[in-house]
Amino acid sequence: MLDSEFAKPYMAELREYLAHRKAQRAVVFPHSSHWFRAFSLTPVEAVKVVILGQDPYHGPGQAHGLSFSVPEGVAVPPSLLNIYKEIDQDLAPPQSLAARRAGCLENWGKQGVFLLNSVLTVEQGQAAAHQGRGWETFTDAVIKHLSDERNDIVFLLWGSYAQKKGQVIDAKRHRVLRAPHPSPLSAHRGFFGCQHFSQTNQWLEEHGQTPIDWFDVS
């Protein structure tokens, strides 16, 4: 599926654009070795849950190819901290996830949580710098493929951007959960209290799949 997308003209144009920006000494995040990290960590056939983000983080050292995640040792961004707060409230752990100061979600990916950004690259200090250059076409195709070729995936769509992008998902074949974005600007409008994490695990168990250990972060 991905091979056919890479062969299309829009991907050639995207590669040319990225090479041009690098030639102009633009600082592109994440490193090119991490552009498809979500795909290598969670192969399409292993996807159980999709968390759809928008762009990579645009600060130095933050982006590593997984939506909402940062590498080990990097401060937890505000939106991810709010995700942790909702997990704490939803699942009532013995020890607070929000207090752990760990922001790497690779272990979620290894469990089948596909941490997909709509746009896979950005430039330092410039949010949305690479929107409209072709990445959205690619990730639309990925989402459509998951919707059409798989069954019983849970799609977590937070915020209007993710919800619009998720319109191609067949809700008869999958569980689609929607809420406001976990950003500090919007989390109090309904992200807090959405109970998406317990609902996800309930759905997975009802459909014969292993639930996600949401506290497995590093």
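Not measured: the values here are computed from a predicted model.
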Rounded to the nearest 0.5 Å, what separation is found between the CG atom of L91 and the CZ atom of F197?
8.0 Å

Distance-minimising heavy-atom pair for C194 and Q199
O-NE2, 2.9 Å

Rounded to the nearest 0.5 Å, how far apart are CD of E72 and SG of C104?
5.0 Å

Indicate yes or no for a side-chain donor-acceptor contact from Y84 to the backbone of A102 under 3.5 Å, with no hydrogens or angles considered.
yes

Please step through salt bridge (Lys or Arg N to Asp or Glu O under 4.0 Å) for the pair R133 and E13, ending with a clear verdict.
CA-CA 8 Å; R133 295 292 178 174; E13 293 174 5; over 6 Å; no

Look at atom CZ of R101 and say whether more than 12 heavy atoms of other residues, nucleotides or ligands are closer to it than 6.0 Å.
no

Is there a donor-acceptor pair closer than 3.5 Å between any side-chain N or O of S186 and the backbone N or O of H181?
yes

With distance as the sole test, does R173 use its side chain to make a donor-acceptor pair with the main-chain N or O of I153 at under 3.5 Å?
no

If you measure only the distance, is there a donor-acceptor pair under 3.5 Å linking the side chains of S198 and D90?
yes

Would K144 and D140 pass as an ion pair if we require N to O under 4.0 Å?
no

Could you check I143 against L116 for side-chain contact (heavy atoms from CB on, under 4.5 Å), going step by step and ending with a plain yes or no?
CA-CA 9 Å; I143 293 168; L116 178 67; 4.1 Å; yes

Flag for Q95-R100: side-chain donor and acceptor within less than 3.5 Å
no

For the side chain of S67 and the backbone of L52, is there at least one donor-acceptor N/O pair under 3.5 Å apart?
no

Given 3.5 Å as the limit, does a donor-acceptor pair link the side chain of Q24 with the main chain of R21, or not?
no

For the residue pair K165 / T139, report whether a side-chain donor-acceptor contact shorter than 3.5 Å exists.
yes

Do L204 and V176 share a hydrophobic cluster (ILVMFWY, side-chain heavy atoms under 4.5 Å, transitive)?
no

Please check: side-chain N/O of E86 versus main-chain N/O of G193, any donor-acceptor pairing under 3.5 Å?
yes

How long is the gap from CZ on R150 to NE2 on H145, to the nearest 0.5 Å?
8.5 Å

Would W158 and F192 count as a ring pair (Phe, Tyr, Trp, His ring centres under 6.0 Å) if you check the C-alpha gap in whole Å, the side-chain angles of each, and the deciding distance to 0.1 Å?
CA-CA 11 Å; W158 300 330; F192 290 138; over 10 Å; no

Taking the side chain as C-beta and beyond, is there a heavy-atom pair between H64 and S69 under 4.5 Å?
yes

Heavy-atom side-chain contact between F68 and L115 under 4.5 Å:
no

Can you name the closest pair of heavy atoms from A63 and F29 and give their distance?
CB-CB, 4.2 Å

Hey, are the side chains of T210 and K48 touching, using non-hydrogen atoms and a 4.5 Å cut-off?
yes

Pair H31-S33, side-chain donor/acceptor within less than 3.5 Å:
yes

Report the C-alpha separation of L105 and L80 in whole Å, then their side-chain angles, then the decisive distance to 0.1 Å, and conclude whether the side-chain contact (heavy atoms from CB on, under 4.5 Å) test is met.
CA-CA 10 Å; L105 306 180; L80 181 55; 4.0 Å; yes

Of N201, L157, L177, I51, the one forming a side-chain contact (heavy atoms from CB on, under 4.5 Å) with H196 is L177

Please check this pair: side chain of H207 against backbone of W203, looking for a donor-acceptor N/O pair closer than 3.5 Å.
yes

Would you call V49 and L156 a side-chain contact if the rule is heavy atoms closer than 4.5 Å?
yes

Donor-acceptor pair between E205 and Q209 side chains, under 3.5 angstrom:
no

Would you say the side-chain atoms of N117 and Q54 include a donor-acceptor pair closer than 3.5 Å?
no

Please determine whether the number of non-hydrogen atoms from other residues, nucleotides or ligands lying under 6.0 Å from atom CD of E16 exceeds 12.
no

Cut-off 3.5 Å, side chains only: do H130 and T121 have a donor facing an acceptor?
yes

When rounded to the nearest 0.5 angstrom, what distance separates CG in L97 from CD1 in I83?
10.0 Å

When you compare the side chain of Y10 with that of E5, does any pair of heavy atoms fall below 4.5 Å?
yes

Do the side chains of V50 and L146 get nearer than 4.5 Å, heavy atoms only?
yes

Looking only at heavy atoms, what is the nearest atom pair of R37 and S40, with distance?
O-OG, 3.0 Å

So, W35 versus F138, ring centres under 6.0 angstrom or not?
no

With F114 as reference, evaluate W108, F155, F39 under the ring-ring contact (aromatic ring centres under 6.0 Å, His included) test and give the passing residue.
F39

Same apolar cluster (I L V M F W Y, side chains within < 4.5 Å links), M11/V44
yes

Donor-acceptor contact below 3.5 Å, side chain K22 vs main chain Y17
no

Measure from the side-chain N and O atoms of E136 to the backbone N and O of G132, and report whether any donor-acceptor pair falls under 3.5 Å.
yes

Please tell me if the side chains of Q111 and D216 come closer than 4.5 Å, counting only heavy atoms from C-beta onward.
yes

Please answer whether the main-chain N or O of S147 pairs with a side-chain N or O of H174 as donor and acceptor at a distance below 3.5 Å.
yes

Do the side chains of V47 and V168 join up, straight or via other hydrophobic residues, at under 4.5 Å, putting them in one cluster?
yes

Do F6 and L18 belong together in a cluster built from hydrophobic side chains that touch within less than 4.5 Å?
yes

Taking L41 as the starting point, is it possible to reach V113 by hopping between hydrophobic residues whose side chains are less than 4.5 Å apart?
yes

When you compare the side chain of S79 with that of P184, does any pair of heavy atoms fall below 4.5 Å?
yes

Do the side-chain N and O atoms of D88 and S96 include a donor-acceptor pair separated by under 3.5 angstrom?
yes

Point-to-point distance, once rounded to the nearest 0.5 Å, from CZ of R178 to OG of S160:
12.5 Å

Hey, mind stepping through V122 and Y57 against side-chain contact (heavy atoms from CB on, under 4.5 Å) and telling me if it holds?
CA-CA 8 Å; V122 74; Y57 296 119; over 6 Å; no

For residues G190 and P180, report the shortest heavy-atom separation together with the two atoms involved.
C-CD, 3.6 Å

